[in-house]
Each structure stands twice: as structure tokens, then as C-alpha cells.
Amino acid sequence: MREPDEPVDVLLIEDDPQDAFLVEEFLGETALSANITWVETLAAARRHLPTFRGCVLLDLNLPDASGMELLREVLTSAGNAAVVVLTGLDDEHEGVAAVAAGAQDYLVKGQVDGSLLARSLRYSVERQRSDENARQLRDAELHARENMRLERGLLPQLLLDRSPLAPRSFYRPGRKRALVGGDFFDAVDKDGTTHVIIGDVSGHGPDEAALGVHLRIAWRALVMGGVAEEQLLPTLEEILVSERTQEEMYATLCQISLDKGSEAPRIRLFGHPPPLVLTHEVTEVRAVPRPPLGMFPEPEAEVECFHFPRGATLMLYTDGLVDAYDGGDGTERLGVTGLARIVGGVLAAGVPVGELPERLVNEAEQHNGGPLQDDVAMLLVTHGE
């Protein structure tokens with residue numbers, strides 16, 4: 001047994017009561033279930049068009065508007081509806097022009113019966129839905145390609161061929177964002193010193209992602225251009241201030257600099273979670289945090305050092321990891337202490353350092369009671385000399 005057709009909402013814009021009556025009579029003779037709203041002028045139709053989602057049946061000659069200008073306004077105002085044009089016998093060429101302008105179909109008065117009218121309305125609504133689905137698919141594909149371009153800019157090939165540090169990078173997008181966030185990292189070896197950076201631009205969206213790309217590329221250019229180490233981040237802060245689209249945008253950041261043959265890297269911490277040193281135990285790097293870049297610019301302070309022995313691994317990460325909840329009740333955050341505890345447990349279970357990021361995110365999601373809300377970036381560097 002054939003299921004009944006889905007009801008179609010019809011907005012009939014027609015100033016002739018006789019023609020409006022015929023439309024209702026024709027549709028009443030068919031199996032199509034039509035909910036008809038009749039208005040006689042464009043002015044009256046304007047109250048319905050912005051939220052209307054069915055089929056607009058439009059006479060192109062109204063008392064207050066006519067022709068292609070009338071059609072264009074209806075098409076623009078009723079963006080979620082199909083539009084079928086009614087034309088007179090002498091205006092069939094206008095119907096063809098209407099379809100070319102965006103109408104789904106045209107009908108010639110005097111040549112319409114119930115079957116033709118019902119079929120045109122039903123097919124026009126389906127074509128409109130198909131066009132809308134195709135548009136959404138194109139938008140999704142463009143969105144995905146844009147994300148890929150942004151991610152390539154945020155997550156580079158690390159330049160550590162001559163460095164004693166062996167890197168392992170990881171990135172996983174969070175659940176809540178529509179675009180890739182502003183997490184970024186990089187590592188460059190220059191003149192016997194390896195510089196490693198990880199950062200996170202506040203917020204999510206194209207502006208934040210673009211700013212993250214700017215900062216990462218600018219930092220790499222500064223390092224490779226031979227800018228003095230103590231000038232790298234003050235200069236990067238100037239770039240942030242000049243490139244950000246809103247004054248309240250800022251970036252948390254951690255930079256590590258290690259001279260070849262040394263076990264005492266220098267750390268600069270700007271509002272960012274501190275790194276962890278992984279040996280036979282997990283140790284949080286103690287450093288006095290400074291305000292994030294872009295909030296309270298200040299001159300270079302005394303640089304702190306920490307112990308990073310050969311064979312150890314340094315783990316840098318963004319706050320998407322430590323902001324996870326430590327338990328399903330959603331009351332306590334994991335924090336750096338909780339993260340160190342999980343890392344220690346994973347390593348104690350015999351998981352190799354190379355597999356640590358994926359395993360760590362999975363563990364954090366179990367503690368969180370579901371997918372992490374924010375992006376997670378990690379950079380692990382092992383001291384190989």
C-alpha cells in the first residue's frame with residue numbers, strides 16, 4: 001500500500017480571487033495534502049517569507065510589484081523555500097526567464113490542472129531540498145579543506161635534523177569547535193641550540209587559527225633569521241599585537257632552549273601549563289609563569305633552567321589535556337598534577353613513549369566521561385645525546 005505524500009505548505013501570492021480559488025480547487029482534487037496560505041500582495045507576503053520553508057506559488061503581476069524585481073525579492077527573502085511562478089498565456093517567456101533567475105518551475109495560467117499543479121509543487125520542494133543538501137555538502141567540503149590548510153600551518157615539519165632531541169608530535173581536534181583552534185607548536189635547531197615552542201591562542205574560530213599560524217611561522221622565521229634568543233618572544237608579542245583582530249586576544253606559550261651538550265635547558269613560560277620531564281618518574285618543570293603574550297607586555301625577565309638528562313623525554317602540551325575533568329561527576333579538573341599521575345601510570349604499564357600521546361588522550365577521555373572539549377596538541381622531545 002502506497003504511503004500518503006508528505007504535506008506541502010504552500011504560500012499562494014495571487015491578487016485574483018478567481019485564480020486563487022482555482023488553485024485550491026485543483027489541489028483539492030489530488031492526493032497531495034497542501035496547507036495553503038493565500039495573500040494578495042507582496043506587502044502581505046513579506047510577513048511570511050523569511051521563515052517559510054514550503055513552496056511559494058507566485059503570480060508575477062501583483063498590485064504592488066511585478067516581473068523579475070518581484071521574483072528576486074521573493075527568492076532573496078524566502079531562501080529556504082521553493083518558488084514556482086504563475087504566468088499568463090502571453091507571458092510564457094517570462095516564466096522561462098524566472099527559472100533561469102532561480103525559480104524551481106513555472107506554470108501557465110489556463111494550462112494547469114490539478115495533477116500538473118500538484119506534481120510541480122511536490123517536485124519543486126524536493127528539488128529545493130536537494131539543492132540545499134548539495135550546498136551544505138559543498139560548504140562542508142570547503143570547511144574541511146580550510147581546516148586542512150590551517151592545520152598544515154599550525155602543525156609543521158620540525159627542523160631537528162642536527163639536534164640531539166628526537167621529536168614526536170600529536171594533535172587531536174576538540175569536540176566543541178567548528179574550526180581548528182589556535183594550538184600550535186614548532187621546533188628548530190639553529191647554531192647548536194635547539195628551540196622548542198608550544199602555544200595556544202585564546203578562543204576558537206578562523207581568526208584564532210589564523211593568528212596561531214602567524215605566530216608559529218613568525219617564530220620560526222625569527223629563529224632561522226638569527227634573532228637573539230632573548231628577543232624572540234618580545235618580538236613575537238609585538239607581532240601578536242599587530243596581527244590580532246580583537247584587542248582581548250592573547251596566547252599562552254612555553255619555549256624551551258637547549259644548547260648542544262647541555263642538560264640544562266632554559267624555559268620561558270607565559271601563562272601556559274608547565275612541561276613534564278619523563279624519566280623513571282614524572283616530574284613537573286617548576287618555572288615562574290609570566291602573563292600570556294598580548295596581555296601585559298614586559299621586558300625579558302631572568303631566565304630559569306631545569307634538569308633534562310640524556311635519555312629523558314620532555315612532554316609539552318596544550319591545556320585541552322589538563323582541562324579534562326578528573327572523574328565523571330564534572331566537578332574537578334585533571335590539572336597538571338592529575339595529568340602527571342596518568343602519565344606515570346601509562347608509562348608504568350609499559351607503554352612506549354612513542355605511543356604515549358594517543359594512550360594519554362584516551363585515558364583523559366575516560367576520566368572526562370567523554371570526548372575532550374578542547375583541542376589537544378602535544379610535543380614530546382627525547383634527549384638522545
Side-chain angles (χ1 to χ4, degrees), residues 150-156 158-159 169 171 179-191 193-259 265-275 285-306 314 316-320 322-323 336 374-379 381:
L150 288 170
E151 287 183 10
R152 282 197 297 269
L154 290 165
L155 314 176
L158 307 178
L159 302 180
S169 61
Y171 174 79
L179 273 175
V180 65
D183 293 16
F184 62 94
F185 55 77
D186 206 347
V188 176
D189 179 75
K190 177 69 175 179
D191 298 332
T193 299
T194 300
H195 301 283
V196 180
I197 191 173
I198 191 164
D200 184 7
V201 177
S202 59
H204 286 85
D207 290 339
E208 291 79 4
L211 182 57
V213 173
H214 284 311
L215 295 178
R216 189 202 64 76
I217 294 175
W219 181 85
R220 173 175 284 204
L222 292 170
V223 173
M224 297 181 68
V227 173
E229 180 183 318
E230 63 271 14
Q231 291 300 317
L232 287 175
L233 297 186
T235 305
L236 192 67
E237 186 165 40
E238 292 180 12
I239 295 171
L240 184 155
V241 171
S242 67
E243 292 291 337
R244 63 187 177 187
T245 57
Q246 301 176 37
E247 189 172 344
E248 60 270 20
M249 291 175 71
Y250 62 87
T252 67
L253 184 146
C254 177
Q255 177 181 289
I256 305 294
S257 301
L258 177 66
D259 298 328
R266 298 172 291 280
I267 180 170
R268 293 168 170 88
L269 199 62
F270 291 81
H272 201 83
V285 175
R286 300 293 180 178
V288 177
R290 309 176 201 176
L293 291 190
M295 293 190 67
F296 304 105
E298 58 183 29
E300 174 83 344
E302 183 177 349
V303 179
E304 299 172 274
C305 296
F306 64 96
L314 184 67
L316 300 94
Y317 53 93
T318 55
D319 61 4
V322 294
D323 283 348
V336 179
D374 207 351
D375 301 346
V376 174
M378 275 185 272
L379 182 58
V381 288

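Both backbone and side-chain heavy atoms feed into the values below; hydrogens, waters and symmetry mates do not.
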Closest contact, heavy atoms only, Pro275 versus Cys254:
CD-SG, 4.0 Å

Heavy-atom pair of closest approach, residues Tyr317 and Pro273:
CE1-CB, 3.4 Å

Here the pair of heavy atoms bringing Gly294 nearest to Glu237 is N-OE2, 2.7 Å

What's the separation between atom CD1 in Ile239 and atom CG in Leu215, rounded to the nearest 0.5 Å?
7.5 Å

Would you mind reporting whether Arg268 and Arg290 have side-chain heavy atoms less than 4.5 Å apart?
yes

Report yes if some heavy atom in the side chain of Pro265 is under 4.5 Å from a heavy atom in the side chain of Leu314; otherwise report no.
no

Please determine whether the number of non-hydrogen atoms from other residues, nucleotides or ligands lying under 6.0 Å from atom CD of Glu248 exceeds 12.
yes

Residues in side chain to side chain contact (heavy atoms under 4.5 Å, CB included) with Glu238, at least two apart?
none

Spacing of OG1 belonging to Thr194 relative to CD1 belonging to Ile256, to within rounding of 0.5 Å:
11.5 Å

Could you tell me which residues satisfy side-chain hydrogen bond (donor to acceptor under 3.5 Å, both in side chains) with Thr318, sequence neighbours excluded, listed by chain and number?
Asp183

Donor-acceptor pair, His272 side chain versus Pro289 backbone, under 3.5 Å?
no

Closest non-hydrogen contact found for Leu269 with Ala287 is CD2-O, 4.1 Å

Contact summary for Ala251 and Leu240, nearest pair of heavy atoms
CB-CD1, 3.6 Å

Would you say that Val196 contacts Leu316 through its side chain, given a criterion of any heavy-atom pair below 4.5 Å between the two side chains?
yes

Should Val188 and Trp219 count as side-chain neighbours, where that means a heavy-atom distance under 4.5 Å?
yes

Leu236 CG to Gln255 CD distance, which is reported to the nearest 0.5 Å
8.5 Å

What's the separation between atom CG in Leu293 and atom OH in Tyr250, rounded to the nearest 0.5 Å?
11.5 Å

Which of Ile198, Leu211, Val201 passes side-chain contact (heavy atoms from CB on, under 4.5 Å) with Phe184? Answer is Val201

Inter-residue atom distance Ile197.CD1 - Arg220.CZ, 0.5 Å rounding
11.5 Å

In chain order, what residues pass the salt bridge (charged side-chain N to carboxylate O under 4.0 Å, His left out) check against Arg266, with sequence neighbours excluded?
Glu229, Asp259

The reported gap from OG in Ser257 to CD in Glu230 (rounded to nearest 0.5 angstrom) is 10.0 Å

Heavy-atom distance under 4.5 Å between the side chains of Tyr171 and Asp375, does that happen here?
yes

